[in-house]
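Computed from heavy atoms alone, side chains included, the values below leave out hydrogens, waters and symmetry copies.
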Amino acid sequence: MDAKKSEVLQGTLDLMIMKTLHALGPLHGFGIARRIEQISEDTLQLNEGTVYTSLLRLQQQGWIASEWGTSENNRKAKYYSITKRGLKQLAIETENWERISGVIGRVLKLESES
Amino acid sequence: MLEKFRVLGARLRGLFSGRSSDREFEAEVREHIELLAERYIGQGMTPEEANATARRQFGNTTLVHEHRRELRTFLAPTVLWRDGIYILRRLSHAPVFALAAILSIGLGIGANATIFSMISKFVLRTAPVTDPERLLAIHLTHDGERCCNSFSWPVYQDVREQSKSFTAIAAYHDLFPASIGGSGSPERVWGQATTANFFDVAQAQMTFGRGFLASEERAPVVVLSYGLWHRRFSGDPNILGKAISLSGHPFTVIGITPPGFHGLDLLLMPEFWVPVDQLDVLQPTPQDRTHRDWHWIQGVGRLAPGVTRQQAADELAVLAQRLAKTYPSTDKGQGFYLDRAGSLPARDRSVILLFLTVLSVVVLLVLGIAGANVANLLLAQAIGRQKEMSVRLALGATRLRLLRQLLMESLLLALTGGAFGVLLSVAATHGLNAFHLPIPVPLDVALEVDWRVLLYSFLLSTVAGLLFGAIPAWVATRPLVINALKGEDALARPGRRWSLRSILIVGQISMSVVLLSATGLFLRSLEHAASINVGFRTEGLLMMSIDPQVHRYSAEQTVQFLSQLQEQVAAIPGVLSATWTDQFPLSGSHRSDGFSVPGRKMKYDESANVELYMATENYFETLGLNRLSGRDFGRENPDGQKVAIVNQSFVEKFFPQENPLGQIVSGGDVNYQIIGVVQNSKARSLDESPRPVLYRALNQTVSSNPSGLGYSLVVHLAGNREEIAKAIRHDINSRDPNMAIYNMETIEEHLRSALFLPRFTATLFGTFGLVGLTLAAVGLYGVMNYTVSRRTREIGIRMAMGAPSRTVQHMVVRQGMILTLIALAIGFPVAFVTAKFANSFLYGVRPHDLVTFMAVPLFLALVAFLACWLPSRRAAKVNPQTVLRYE
């Protein structure tokens, strides 16, 4: 795979954060950033500060919740977790995404055939 | 959808979490970056490298904080407050700029507020009654013409009985004079005679007492206005039930109207109301009540609940047809027209609305000039702030944020200017209220700055601030970043010769040319009007009027009273001569009639109309009119041949080739024998060409054709005016203590009133022209000032290369004057062409007046030169060394 660095759109970042929290349970901001980095295998070039903007937005919409806790190395950290509403939203968004990517995939395959 | 509400709720909560939440977040961010750095240290970097890399990986912390703040809550309180303080601080560093902007907007808003106060008063205000929308004035129309006739009593009764659309219909005789008692000498006041249900229909909340009862249609009762009650009766609350004297007759006071109530008409100012049957007592000329064709009362009705205006109009149309069939001789072609009570009289409405519209357009143009000024100033300022803007943009500020700040700045300036403008309009309305209308009847035309004007000013300021701030803000936040950081003029788009600023300035100066030309024309007109030779004496005359008719003097009693008084007054020391007439010339009322020479065929044309004045002995001597032939009036026999003295114009019209003395002329079914000829003088208006005037002997005319507005005593005096006036009043009052004396004025005051129209237009246009000029001059000065400060480097280079400071000054001045000359070239033809429209308002001045059109461009050029020269001196003072060192 090409080590292509592409920029991430804000909406997709929201989706990735929700998925991460869903799969891995409550995480703090640093942890979320690391997980995304890991999953994308360095393909995505992410300004980690933007994660926090997404986190605030998701919180305002009621899809994630936050709580202060202690981290692994005994530091105070804010932990984020996905809510029931967030789970529902995740399911909707996942379905949308798969549908769209399916269509685009078919279109692209069409082009290469002709 | 639901999310939107949740987000809203979260943002509302965010209003309160404030600083603690910010601190928490800062801690979070710091933690994150530390953890990143630790990772890099673990990978082998030095702590400094690790920190740097961590920060880079995290991204722009400032941006993150700002985005978060924008999301967290509404911008309203904290961010706007901070922006506001920042703007104020910046403005205090550039006071000239701020003052120029505030002054400009203030002048523009002030002019608009003043004109809007006229609109508020004459178009928007409603009668001070309950539910004014349901109160309708009913007018008679004839043969479909719009307006606007009074009712006759029988027709009123028919409508009152047969119409179902109104809960009640009242009628009133709209204005007649009376002499009122109370504290002080008798005063002449005007009032209305109404049907008993008038106050029920009006539904005004009485301050004291009540309106008329149904049984009181003949009773000698009176309702006083609030103002009259305070003025004549000291606001005595015990006045109810007491009797006061009206033209010598006792009337019982039964009510005081609410303050500000003066009947249901917009402009009239009645101060008392009596039942309609009392009119015969107070006004000697009996109204022929029973006649269907005698029109003398106004109708007003209150719509019944649930009935619309259209339904009422339809019903009245049907009723009109029915009446026309029943009374074909009088009611044929009659119709009814409904209008909201208390609005502009329908006959004059279109003219007045047109006048107000034109004025509104003019002042909006003034505001446009002012706004262009502010836009220019903002643009000029934006040039100076390019570096700052570019840096901020590069650091990640959103364009929206910058736009918002700039708009806030212009809004703040506009609102401050608007407040200043409101103060100006208060002064302006005071000034306009000092104008005295040359009309014998009291009118309510006082202007005031009420809540509508304040609201309008506020809205207009806001719109102006946003509108004129938008373009500079848009342009200013779009500089080419690279060029700006290098210090060059980033707003210069290569290839564009004419910048927006230059276009604005040229537009402003052109408009000023037009405005100033109008100013010049009207000032010259005033100057000319003030120097018109009226023919009669212009100083040393005192006039005052009495109305014996109101006190039921018979014709003989009137003649005796007046002639005895004339003798008595003429004997007062200091009085050179005294005389009586009905109306002094240029009084706003006139009497005329068509004349002919009996036995001669004259082709009927308009100029056979002759002005009529009554006079006693010594009239011409008192007024200073030269007698050309014949004699003066003496003790003319009231029953003998009626005599008349005519002016030269009359002779030229009717007896061009012969001696007029002894000839008989006929007018108004009366034959007059000419006994004298006098010089011409002004009669109706200042700018009239000489017209025929006939003076008839007062003694002979009072019985057959009395004056409806009383008689005026004219006194030629040479002494202490106050003492003589006091003596005259004493003479009158000792003969009849009830006789009201009114309209006392000197000839100078009288002529000032006659000059109302030229004075009024000169004041209005003079003010607007001056305002426009000030704005354009201020604008030009401001822009040149900033140009100089922007080009200090260029100037420094030139001077370092050897250019003397004079050359530099010339350069600056020349730049400004070129713009001015272009503006003059554009504005002059426009002014020349539009001047034609002013023709009907000018006195003796042609619209293409040479003096005006030469003086105005020169004056403008001079002012523009000054506006360019002052900043140029700044340019000359530039020290090349300091400037070139500046980076």
Q | Geometric class of the B:His32/A:Phe30 ring pair [parallel <30°, tilted 30-60°, perpendicular >60°] | A | perpendicular
Q. For B:Arg55, does the CZ atom sit with more than 12 other heavy atoms under 6.0 Å from it, leaving out its own atoms?
A. no
Q) Does a sphere of radius 6.0 Å around CD in A:Glu67 hold more than 12 heavy atoms from other residues, nucleotides or ligands, not counting ones at 6.0 Å or beyond? A) no
Q) By number, which residues in residues 33-42 of chain B have some heavy atom less than 4.5 Å away from chain A? A) B:Glu34, B:Leu35, B:Leu36, B:Glu38, B:Arg39
Q: May I ask you to check whether over 12 heavy atoms, not counting those of B:Leu455, lie within 6.0 Å of atom CG?
A: yes
Q. Has A:Trp97 got more than 12 heavy atoms of other residues, nucleotides or ligands less than 6.0 Å from its CH2?
A. no
Q. Between atom NE2 of B:His65 and atom OH of A:Tyr52, what is the distance when rounded to the nearest 0.5 Å?
A. 10.5 Å
(Q) Need one label for B:Glu31: side chain, backbone, both or neither, based on atoms under 4.5 Å from any heavy atom in chain A. (A) side chain
Q.
For the CD atom of B:Glu24 and the OG atom of A:Ser66, what is their distance to the nearest 0.5 Å?
A. 8.5 Å
